[in-house]
Number of protein chains: 2
Amino acid sequence: MKTADPELMRAINRLSVLDTIRRHGPISRVEISERTELSTTTVSAITASLLDDGLILTRHEGDIRNEAVRGRPRVMLEVNPDAARVVGAKIAASRMVFVVTNFRGDVLSTLTLPIRIDRQPIAVIADLVEDGVRRCVVDAGLSLEDVDTVCLGLPGVIEHRTGHVRSSPIFRETNIDFAAEMSARLSTPTIVESDAHAITLAHHWFGKARELEDMVLISLEQTLGLGVLHGNRLFRGAGGLSHNLGDLVLGMGAQGIVRLSSQAGESAILGEKQTDGRFAEAVRLGRGMTHVQALIQADDDRLIAAAVRAGEAVGITIANIVTLFAPPRVILVGSSLALGEPFLNSLRDAYALAVPPSLKGVSELVFDDSTDDFWAQGAAAVALYELYESPWSTTGPAL
Amino acid sequence: MKTADPELMRAINRLSVLDTIRRHGPISRVEISERTELSTTTVSAITASLLDDGLILTRHEGDIRNEAVRGRPRVMLEVNPDAARVVGAKIAASRMVFVVTNFRGDVLSTLTLPIRIDRQPIAVIADLVEDGVRRCVVDAGLSLEDVDTVCLGLPGVIEHRTGHVRSSPIFRETNIDFAAEMSARLSTPTIVESDAHAITLAHHWFGKARELEDMVLISLEQTLGLGVLHGNRLFRGAGGLSHNLGDLVLGMGAQGIVRLSSQAGESAILGEKQTDGRFAEAVRLGRGMTHVQALIQADDDRLIAAAVRAGEAVGITIANIVTLFAPPRVILVGSSLALGEPFLNSLRDAYALAVPPSLKGVSELVFDDSTDDFWAQGAAAVALYELYESPWSTTGPAL
DNA sequence: GTGATTTAATTTGCCTCACGAAATAAATCG
DNA sequence: CGATTTATTTCGTGAGGCAAATTAAATCAC
């Protein structure tokens, strides 16, 4: 247990105030005081320090409850967009997406590199990532010195605390200290995080879990990932490890262990050689569920059967996750959603069947087909969160 | 996020100190200061208050590092055993075990009632439990007024925060407010907790996870339960729900969903009518693995096959849990361990096969065949933890 | 317009907490 | 018996939070 001292106290309350300002837009001090249950005195002191550090701004217009309200008008406070810049990235097997955001999480520029980096040597991947980051930063009219943190979201088992990639489908090698590698190349602090965690935070900050403090997200991409939000923070397993759902075992088949990845991974469904590649292309682009549906209707039954089988496997897995975590909401994201109705229906049916009766109705399934930008934005949010959380100038110079 | 004030600060540090004293036996103030990283001044203040409240005691002997050390001798501090009494209980389908412990968790009296309460009406069960608590308290030479808290550990899905039993194999009804019912009957604060959580805490306090802050426990009884220790505290899912592993789905069989409970629950293995009951008896008593082994050797192959199949299912499940939580240790407890080698070997094999290669070696499997007393003691520990954690006289009367 | 009223934010005074430095306590050593 | 050593307590300071009082900046009433 961490030892508590006044500084920690301040850090906690500071974060609480800053987070309240971030979440509830322009907001007055009184309202912050109500929401955080801190006294107005304390809120004033903290906001003064935040203003002093340039993390927030005042705005004198915009009191919504205006129109003939007596009394001194409230001064609205909001996060200073320009207090920091971060880069977020989603590194996937067949593409990389970068975003630059400001301190508020607004996207300043986006860059998509549709390159298959799958199984390239580390050095090549690192080169490409470095290039992408630099170009995206230039696109935003900035220089790397203006960037405070970079966060790379990638699939696989990642140790967030140390930045080690224990294993990832995009790396041939295992146990790479990718954070150190990229920090050195970019000479900017670089965080490595599971892509699933990144989009989990994205949904908490900007998406479909804004109002929840507990939630589970399942990402269905080439790799199957899991993100758990617990008490407004990412649950990162014991050792800070990310979760790799694809490794889950569904049972014993004829030739041994059957893992989820063999049933529901992108490659498992597409089967590469079995179909003509048009379908794979559509899924890869993440576009046009209608297009895919048309393909499915026209295509052979094998593909539909694969989609149904995958949906079943995922549905059961979700039920199992719900059994363990009982979250109020489960968000499903990822390219596999583009498989359309056959997949989704079979998923829903399997879930309904597999969820324990005692937990029926506890968790709500939500499907989300955000673009890759959103994942990258989530990575940016991970970086921002670390900035928010860092004491920064808690013990700054006196004014 | 909870708002931080000086009182919270003190509460945190107080708990930290008290917990350090509990865990590290008689211990001096200097050593507490080292372990908690609090200043000796603060430790002195806090211990003074703890002494004042009668929660700890001083002892002037017992400095281990003795033998001609110069300087003022250390005064050892230890938890005052008599600062509180709690009752812990394990309520299972075929028996109830009660313990009364002191503030240190030492068992003062034990009572086992080998009654099958399975599917009795609530009122009957409540009667029996009430009776058991009262008798055990009398056995300890106490009266119920001397008891600060009662904690009942039972199988099923339990909402710890509210004391609601959402579903339990020992209740016909669902959604019982059992905590309120028993609190009223005993006129003593009563906590209801999952039995798996109870024994998880037991292992953290007294057993095979004393030195760990993260750990996973799997209980193999009539019901299959899960306890997760995360950062020295029980991880209770989003809504404070317990986990019911038996509801996990292993796959689709011929006639629909195959749940773990149908493969590895006690009744699934014993099959009640298939065997002659001697085996079931032995397992139920939790005694004599050798006896059981002898029975298995003498018995028909069907039983062994069932044990092997169960072991396989559990092994896979453990691998899946490890995939999700990556704990440094997994402790296995419960009556099913008495199945002996066929079960354990198949479990180990299935686990080794099913655990993802990237996590190989991360988690260590530990088997534990404690008696039911230990479970009840864990329930007592849950009660004690709440006492430890409660601010109590943080803002007590000035001396 | 000018003062009363109302609401927001800041200032003042007080309390708790943690901590470092100095003082005190209780041993052993020579 | 005094010097030395180590543990614990006392004292003084600074940081933090909060309630109450005060100041600020509007609207309203006439």
Side-chain angles (χ1 to χ4, degrees), chain A residues 2-17 26-34 36-52 58-77 391 393-396 398-399, chain B residues 2-17 26-34 36-52 56 58-77 391 393-399:
Chain A
K2 183 151 170 36
T3 152
D5 60 11
E7 239 178 74
L8 174 69
M9 201 161 95
R10 198 32 171 294
I12 291 173
N13 290 336
R14 215 178 126 97
L15 177 60
S16 173
V17 168
I27 185 177
S28 66
R29 291 177 176 81
V30 245
E31 220 180 325
I32 295 171
S33 165
E34 284 162 12
T36 59
E37 299 181 22
L38 291 165
S39 71
T40 59
T41 310
T42 304
V43 170
S44 257
I46 290 176
T47 52
S49 131
L50 291 172
L51 281 165
D52 202 53
T58 60
R59 226 211 302 186
H60 287 269
E61 340 107 37
D63 189 342
I64 302 169
R65 139 224 84 119
N66 244 335
E67 313 209 10
V69 196
R70 313 244 288 201
R72 176 175 176 174
R74 303 176 170 184
V75 176
M76 307 309 269
L77 302 171
S393 53
T394 296
T395 51
L399 66 147
Chain B
K2 187 159 170 26
T3 152
D5 59 12
E7 240 179 73
L8 175 69
M9 202 161 93
R10 184 55 149 217
I12 291 173
N13 290 336
R14 216 177 125 97
L15 176 60
S16 173
V17 168
I27 185 177
S28 66
R29 290 179 177 81
V30 243
E31 218 180 326
I32 296 171
S33 164
E34 285 162 12
T36 59
E37 298 182 25
L38 293 164
S39 71
T40 59
T41 309
T42 304
V43 171
S44 255
I46 290 175
T47 53
S49 133
L50 291 171
L51 281 165
D52 201 53
I56 61 173
T58 60
R59 225 209 306 184
H60 288 268
E61 340 107 35
D63 190 341
I64 303 169
R65 135 223 87 118
N66 245 335
E67 313 209 11
V69 197
R70 311 248 288 204
R72 177 175 174 176
R74 302 176 170 184
V75 176
M76 307 310 268
L77 302 170
S393 53
T394 297
T395 52
L399 66 146

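Letters A, B, ... are given to chains in the order of the sequence lines, protein chains preceding strands, and every chain is numbered from 1.
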*Tell me: CD of A:Glu31 to C1' of C:dT7, nearest whole Å?*
14 Å
*State which residues pass side chain to side chain contact (heavy atoms under 4.5 Å, CB included) with A:Ser28; sequence neighbours excluded, sorted by chain then number.*
A:Val30, A:Glu31, A:Arg74, A:Met76
*asked:* Test of understanding: with side chain to side chain contact (heavy atoms under 4.5 Å, CB included), list the residues that count as partners of A:Thr41, not counting sequence neighbours.
replied: A:Ser39
*Give the rounded distance in Å between these two atoms: CD of A:Glu34 and P of C:dT7.*
13 Å
_Nearest whole Å is fine: how far is D:dA3 C1' from B:Arg70 CZ?_
8 Å
Pairs under 3.5 Å (N/O, protein and nucleotides 17-20 of chain D):
residue, atom, partner, partner atom, Å
D:dG17, OP1, A:Asn13, ND2, 2.5
D:dC18, OP2, A:Ser39, N, 3.0
D:dC18, OP2, A:Ser39, OG, 3.0
D:dC18, OP2, A:Thr42, OG1, 2.7
D:dA19, N6, A:Thr41, OG1, 3.2

*Could you give the CD-to-C1' distance, from B:Glu7 to C:dA18, as a whole number of Å?*
16 Å
*Of all the heavy-atom pairs spanning B:Ile56 and B:Leu51, show the shortest one and how long it is.*
O-CD2, 3.4 Å
*Any side-chain N or O of A:Arg74 less than 4.0 Å from the OP1 or OP2 oxygen of C:dA8?*
yes
*Pairing residues for A:Ser44 by the side chain to side chain donor-acceptor pair (under 3.5 Å) criterion, not counting sequence neighbours*: none
_Tell me whether B:Ser33 contacts the main-chain N or O of B:Leu38 through its side chain, where contact means a donor paired with an acceptor under 3.5 Å._
yes
*Nearest non-hydrogen partners of A:Ile46 and A:Arg10, listed with the distance*: CG1-NE, 3.1 Å
*May I have the distance from B:Asp52 (atom CG) to D:dT9 (atom P), rounded to whole angstrom?*
13 Å
If you restrict it to nitrogen or oxygen atoms, what contacts under 3.5 Å exist between nucleotides 23-25 of chain D and the protein, and what is each distance?
residue, atom, partner, partner atom, Å
D:dA24, O4', A:Arg72, NH1, 3.3
D:dA25, N3, A:Arg72, N, 3.4

*Distance-minimising heavy-atom pair for B:Thr36 and B:Ser16*: CG2-OG, 3.5 Å
*Report yes if at least one side-chain N or O of B:Arg29 is closer than 4.0 Å to OP1 or OP2 of D:dT9; otherwise report no.*
yes
*Take B:Thr40 and B:Arg29 through the side chain to side chain contact (heavy atoms under 4.5 Å, CB included) test and state the conclusion after the steps.*
CA-CA 7 Å; B:Thr40 59; B:Arg29 290 179 177 81; over 6 Å; no
_Nearest atoms (heavy-atom pairs only) where A:Pro6 meets B:Met9_ = N-SD, 3.6 Å
*Protein-nucleotide distance (A:Leu50, atom CG; C:dA9, atom P), rounded to Å*: 15 Å
*Within this structure, what is the CG-to-P distance between A:Leu8 and C:dC19, rounded to whole angstrom?*
11 Å
*How long is the line joining CZ of B:Arg59 and C1' of D:dA7, in whole Å?*
18 Å
